[in-house]
Structures are given as structure tokens and as C-alpha cells.
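Each remark here refers to the structure printed beneath this line.
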Amino acid sequence: MVLCPVIGKLLHKRVVLASASPRRQEILSNAGLRFEVVPSRFKEKLDKASFATPYGYAMETAKQKALEVATRMHQTVGGLILEKPVDKQDAYRMLSRAQRCVKAVAIRHCSSQAAAHQVSEFYEETTLNVSPELSEEGCLEYIPSGEPMDKAGGYGIQALGGMLVESVHGDFLNVVGFPLNHFCKQLGELYYPPRPEDLRQPVRHDSIPAVDTFEDLSDVEGGGSEPAQRETGSRDEKAEVGAAGQATAEAECHRTGATLPPFPTRLLELLDGFKLSKALLTACKLKVFDWLKDEAPQRAPDIASKVDASVCGTEKLLDVCAAMGLLEKTEQGYSNTETANLYLASDSEYSLHGFMLQNNDVIWNLFTYLEFAIREGRNQHHRLLGKKVEDLFQDAYDRSPDTQLRFMQAMHGVAKLTARQVATAFDLSRFSSACDVGGCTGALARELAREYPRLQVTVFDLPDVVELAVHFQPAGPQAAQIHFAAGDFFRDPLPSAELYVLCRILHDWSDDKVHKLLSKVAESCKPGAGLLLVETLLDEKREVQGGLIQSLNMLVQTEGRERSRGEYQCLLELHGFHQVQVVHLEGVLDAMLATRVAP
């Protein structure tokens with residue numbers, strides 16, 4: 001479809017919807033866009049009387065909210081700006097008028113190469129007519145439903161409020177919550193400006209660019225006069241120099257009759273990606289985000305002294321972290337963003353600090369041998385450690401308690417992010433016992449116990465893992481439901497259970513060992529028992545970037561690989577598990593639930 005290239009352009013970027021509106025979230029999700037929701041802190045206190053038109057007010061408000069990563073919806077009636085009703089009388093007043101719905105959208109586009117930002121803004125207007133036959137009694141019957149009170153204009157056209165609307169002139173989705181069509185047009189203009197040959201043709205602004213304009217790898221931000229204007233902040237000098245060089249090149253192309261190729265901005269951003277990753281990992285290694293958590297802004301020299309680093313180096317690192325949206329930089333100094341406090345500080349509930357250290361100290365080093373992994377088709381622990389590795393988890397890592405604990409911290413952080421989704425992906429209430437095979441710290445076991453109070457969960461893992469798991473056991477009512485059992489799931493019998501859980505286990509192992517483990521699970525199951533499998537499922541066409549990157553990760557780290565839904569379904573059915581259900585979880589994971597049938 002035409003929208004796929006436009007929306008696809010955002011799949012490799014961090015997209016933030018600064019609105020808590022479930023309507024907007026539904027519209028963008030249905031369009032295939034992945035995003036996070038961060039409501040704006042900007043207060044709507046602009047002087048409405050200072051704006052000549054309702055859309056002027058809406059656009060300025062959206063622009064200001066974009067700087068807080070946000071936008072909200074507004075509707076107008078005859079020049080009067082209607083937001084959400086303050087009470088039932090206000091709702092009735094709104095419903096009794098014909099309305100114009102004006103949505104203003106501001107897109108803040110942050111470059112990975114600078115802290116500066118560029119804001120694109122637009123508005124979309126839709127006219128609605130409320131049925132003139134609507135009686136006062138009808139309005140008053142609708143208002144107690146509660147539907148008008150959280151919606152601008154006093155009604156929800158996609159629900160009960162739709163009965164009140166006689167006609168709509170314009171974009172229907174604009175009234176529901178978000179002008180999707182105009183948004184995609186704007187993305188087309190932002191990421192796919194006209195090619196040189198197109199400039200000789202009449203330009204149409206009333207449709208999304210044709211599919212054949214989406215084949216360039218480049219964002220085309222660095223080439224031509226229009227893209228140069230998009231560069232802001234610390235990239236201004238580069239834009240001016242680039243524009244001068246572009247003019248010279250264009251003159252030469254004009255003389256020779258050649259066509260100037262687009263500037264490979266996207267390609268260069270990909271090249272710089274590993275530098276940004278290393279900057280993030282280094283900041284975590286130095287505990288920069290710990291020093292800035294819940295503190296007043298601090299200057300670079302203060303942080304440098306705390307992390308035992310040079311002032312100039314620390315300042316450059318802090319600036320890059322600010323450019324990535326991890327820190328806020330003001331005249332007073334640097335401070336953590338909400339993301340940094342939540343995920344990068346080592347003592348936060350959902351900390352990924354341990355996972356960052358694992359990536360810095362182990363995975364980063366393994367990826368330096370990627371070329372050898374590609375040529376040899378095997379993991380590279382033997383090159384990293386300088387010795388032969390027989391058993392991946394017994395020999396590949398230093399098994400000292402400190403190193404093992406750090407590895408478990410990494411797994412624990414990732415598991416806590418997804419455990420709730422896994423536990424609620426299916427209705428597991430029919431099971432009274434479960435065994436989380438390779439369950440590590442028990443993060444998933446606790447979520448299962450919390451969701452199903454009658455479920456007894458056994459975490460089965462290696463003896464040294466079980467010994468250290470005590471460091472991750474918080475007090476709570478679920479403690480009585482969770483038990484730990486030590487053993488090797490390839491060599492030792494599995495604990496008895498009605499439900500077996502393999503969460504991110506099978507992708508680590510070769511096909512032979514996967515068959516061996518599934519055979520053990522099948523032998524332990526009675527007919528009607530369940531198997532909950534959680535993995536990253538590759539698309540059948542191998543087009544899902546997250547899964548493909550993870551597959552490359554498996555190549556350098558383990559003897560296993562990522563598999564498609566079809567491959568896993570064949571494996572499950574081969575071992576007697578049928579009635580396979582699949583649910584895609586947030587992020588890159590998928591959950592599969594299968595039932596053991598009688599042989």
C-alpha cells in the first residue's frame with residue numbers, strides 16, 4: 001500500500017506520541033506505526049484572544065507542545081475554541097452548536113547528530129453538522145453516559161456520539177482524534193522532497209508521494225536547498241558548507257548534463273550508529289545517570305570529578321547523551337530525562353543498567369569478530385576467550401559469583417520489561433502449576449503468580465543461578481507461590497507441572513538441542529498440559545529488522561538462531577503440541593501457547 005513506505009520510514013526512529021488519547025493511539029497503531037506515549041507537560045494557557053483564527057491558536061499550542069513532545073486536540077465553533085467540557089452544562093452548550101474540528105499537529109524531528117531540532121507544523125479542519133432534530137432531552141440523555149467529558153467538542157463521533165452527527169465534511173479520522181492522511185503527506189514532504197527531475201513538472205500537494213519516490217535509501221536531508229533549510233542548531237555551519245559544495249556540484253552537473261545523486265544522509269546515520277551505542281554504554285559504565293538521578297542540574301566539571309574523568313571528555317559525552325534525548329541540558333547544567341531515570345539508573349525498578357553493562361563488556365567485544373562469525377557461521381567466544389568453548393553457559397563466561405550476578409542482573413532487567421505482557425498474553429487460569437524452565441531470577445514467575453493467585457510456579461535453572469537468585473526476591477504475597485529447583489534442563493528431569501514455560505530459551509540452541517529439550521518437555525507433559533513459548537518470531541519474508549538484528553546477535557553469541565512462526569509451529573507439532581495460538585507482544589517478542597495432545 002502507498003502508506004507503507006512513509007510509515008516505514010519511522011520504524012527506525014524513536015517516535016513519541018505526546019497524547020494520552022486512546023483514539024490517536026488506535027489510529028496510529030492501525031497505520032502500522034510503533035511509538036511510545038509521553039503526555040506533554042505544556043500548560044494550555046495561551047491567550048486565545050491574541051489569535052486571529054482558531055487554527056492559529058491550535059497550531060501555536062501544538063508547536064509549543066512539540067517542544068515537550070506533545071500535541072492535543074482542539075475543536076472550534078464559530079471562532080469560539082471548544083476544548084473538553086468542564087461540566088455537564090458546558091457539554092450541553094457544545095452539543096447544541098454546529099462545529100468545526102481543527103487539529104493542529106507539530107512534528108519535532110531530532111537528528112542523531114545534533115541536539116537541535118526542527119519542527120514541522122500543520123492543521124486539518126473538518127466541518128460537522130449536529131442533527132437539528134436533536135432535542136434537549138436527547139442531549140441530556142447522552143451527557144450522563146460520561147462519553148462527552150473527556151472529548152473535545154463534547155462528543156465521541158466513533159461511539160455513541162456518532163448518533164448526533166448528521167454530516168461530516170472533511171477527514172473523518174481528524175474528528176476521531178488524528179489527521180492521519182495529512183500526517184502522512186507531511187511525512188512524505190519531510191523525508192522525500194522532490195527529485196531534481198520532478199522539479200520540472202507541475203508539483204501536486206494534494207496527495208502522498210507516489211510509491212516510486214520511496215526507493216532511495218537517503219533521507220535527502222543533506223542535499224539541495226530545501227533539505228539544507230531543515231538543518232538547525234549545531235549543524236548550521238555544515239548546512240552552509242554543504243550548500244556551497246552542492247551549488248558547485250550542481251553547476252558542474254549542469255555543465256556536463258549529469259544528474260546529482262541524493263546526499264546519503266541515512267547511510268551516514270547508520271554508520272554513526274555504533275558510535276552512539278558506545279556513548280550510551282560508556283555513560284552507563286561510568287554511572288552518569290546514577291549521579292544525575294533525582295538531583296538538581298549539574299555541570300560537566302561536577303560530573304567529571306564524580307566519575308573520575310576529564311572535564312572536556314565528560315562534557316562531550318554529556319552533550320551526546322543530551323542529543324540522544326537521555327539528558328536535558330539547560331543553563332544550570334545537565335539532568336536526567338524521565339527515560340534515563342526509569343531505565344538507565346542502576347537502582348530504578350525497571351533498570352536496564354545491568355543489560356547495558358553486559359552489552360558493553362561482552363556483546364560489544366563479540367561483535368568485533370562479526371566478520372569471522374559470518375565466514376565461519378559460528379559464535380566467537382573461542383576468539384574472545386582464547387580457548388575452546390564446549391558448553392556455552394558453563395564455559396563461555398567467567399563463572400565467578402560477581403560475573404554471574406552481573407549476567408543475571410542483565411537478564412532480570414530485560415525480563416521485568418516483558419514479564420507482565422507474557423503473563424497476560426493468554427488466559428492461563430486452567431493451570432494450577434507451572435515450571436519456568438531457565439527462569440533465572442524468577443521475574444516472570446512473580447508476574448505469573450501475581451496474575452494467577454492459585455498458580456504454583458517452579459523456577460528451574462542451573463545450581464549457581466538458583467544460589468544467587470535470592471538477591472532478586474522481593475518480599476510480597478507471591479513468595480509462597482514460587483519455588484526454585486536446581487538442575488540442568490538437558491541432563492536432569494524437569495519438575496512436574498501442568499504448564500511449561502520456555503521464555504527466550506530455544507533461540508540460544510542448535511536444532512538438535514532444541515529437539516532434545518522439546519522432547520523432555522513433551523515427555524513430562526500429560527495430555528492437556530500447556531507449553532508457553534516466548535521468542536522473537538522472524539517474519540516469513542525475513543523483513544522484520546528487530547528480529548534480523550537479533551538473529552545476527554545469536555550468530556556471534558550462541559549456537560542457536562531466531563526462527564519464524566512456521567518453523568516453531570512445525571517444531572511444536574512434531575513433539576505433540578497442537579492448537580497453537582500466537583500473540584505479538586510490545587517490542588520484538590511474540591508469545592505462543594500450545595496444548596499437548598495424546599500420542
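The figures that follow rest on heavy atoms only: side chains count, while hydrogens, waters and symmetry mates do not.
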Determine yes or no for a side-chain-to-main-chain donor-acceptor pair under 3.5 angstrom, with S564 supplying the side chain and L538 the backbone.
-> no
Can you find a heavy atom in the side chain of M554 that is under 4.5 Å from one in the side chain of E562?
-> yes
Any chance you could measure L180, atom CG, to D171, atom CG, to the nearest 0.5 Å?
-> 7.5 Å
Do L280 and L344 come within less than 4.5 Å of each other through their side chains, counting heavy atoms only?
-> yes
Is it true that K275 and E269 have a side-chain N and a carboxylate O under 4.0 angstrom from each other?
-> no
Non-hydrogen side-chain atoms of M324 and L276 separated by less than 4.5 Å | yes
Check: P297 main-chain N/O paired with S335 side-chain donor or acceptor under 3.5 Å = no
Grab the two heavy atoms, one from V320 and one from A279, that are nearest each other, plus how far apart they are.
-> CG1-CB, 3.9 Å
Side chain T339, main chain L326, donor-acceptor under 3.5 Å = no
C284 and H353 have their tightest heavy-atom pair at O-NE2, 2.9 Å
Sidechain-backbone polar pair: S277 side chain, G273 backbone, donor-acceptor under 3.5 Å = yes
Distance (rounded to the nearest 0.5 Å) between Y334 OH and L318 CG = 5.0 Å
Value for CG (N359) from CZ (F367), rounded to nearest 0.5 Å, stands at 9.0 Å
F263 and L268: side-chain contact (heavy atoms from CB on, under 4.5 Å), yes or no, with the steps?
-> CA-CA 9 Å; F263 191 80; L268 296 180; 3.8 Å; yes
CD of E295 to CG of N341, rounded to nearest 0.5 Å, is 10.0 Å
Crowding at CD, E586 (>12 non-hydrogen neighbours, <6.0 Å) = no
Note: S348 and L342 closest approach over all heavy atoms is OG-O, 2.7 Å
Candidate pair V582 and Q569, rule side-chain contact (heavy atoms from CB on, under 4.5 Å), full reasoning | CA-CA 10 Å; V582 180; Q569 185 152 349; 5.6 Å; no
F355 CZ: over 12 foreign heavy atoms closer than 6.0 Å | no
Nearest heavy-atom approach of L352 to V414 is CD2-N, 4.0 Å
So, for S351 and A345, which heavy atoms are closest and what is the spacing to 0.1 Å?
-> OG-O, 2.8 Å
If we only count heavy atoms from C-beta on, is the L417 to Y350 side-chain gap below 4.5 Å?
-> yes
Rounded distance (nearest 0.5 Å) linking atom CD1 of I363 with atom CG of L281 = 9.5 Å
List the steps, then state whether side-chain contact (heavy atoms from CB on, under 4.5 Å) holds for E124 with F178.
-> CA-CA 9 Å; E124 182 72 23; F178 192 79; over 6 Å; no
Check whether any side-chain heavy atom of E349 sits under 4.5 Å from a side-chain heavy atom of K416, and report yes or no.
-> yes
If we only count heavy atoms from C-beta on, is the E447 to V422 side-chain gap below 4.5 Å?
-> no
Step by step, work out the side-chain contact (heavy atoms from CB on, under 4.5 Å) result for E451 and T424.
-> CA-CA 7 Å; E451 184 67 19; T424 58; 3.6 Å; yes
Is the closest side-chain heavy-atom distance between R266 and L270 below 4.5 Å?
-> yes
Is there side-chain contact between L537 and M592, with heavy atoms separated by less than 4.5 Å?
-> yes
With E535, which of R565, R563, R504 fulfils side chain to side chain donor-acceptor pair (under 3.5 Å)?
-> R504
Could you grab the distance from atom CG of N336 to atom NZ of K293, nearest 0.5 Å is fine?
-> 9.0 Å
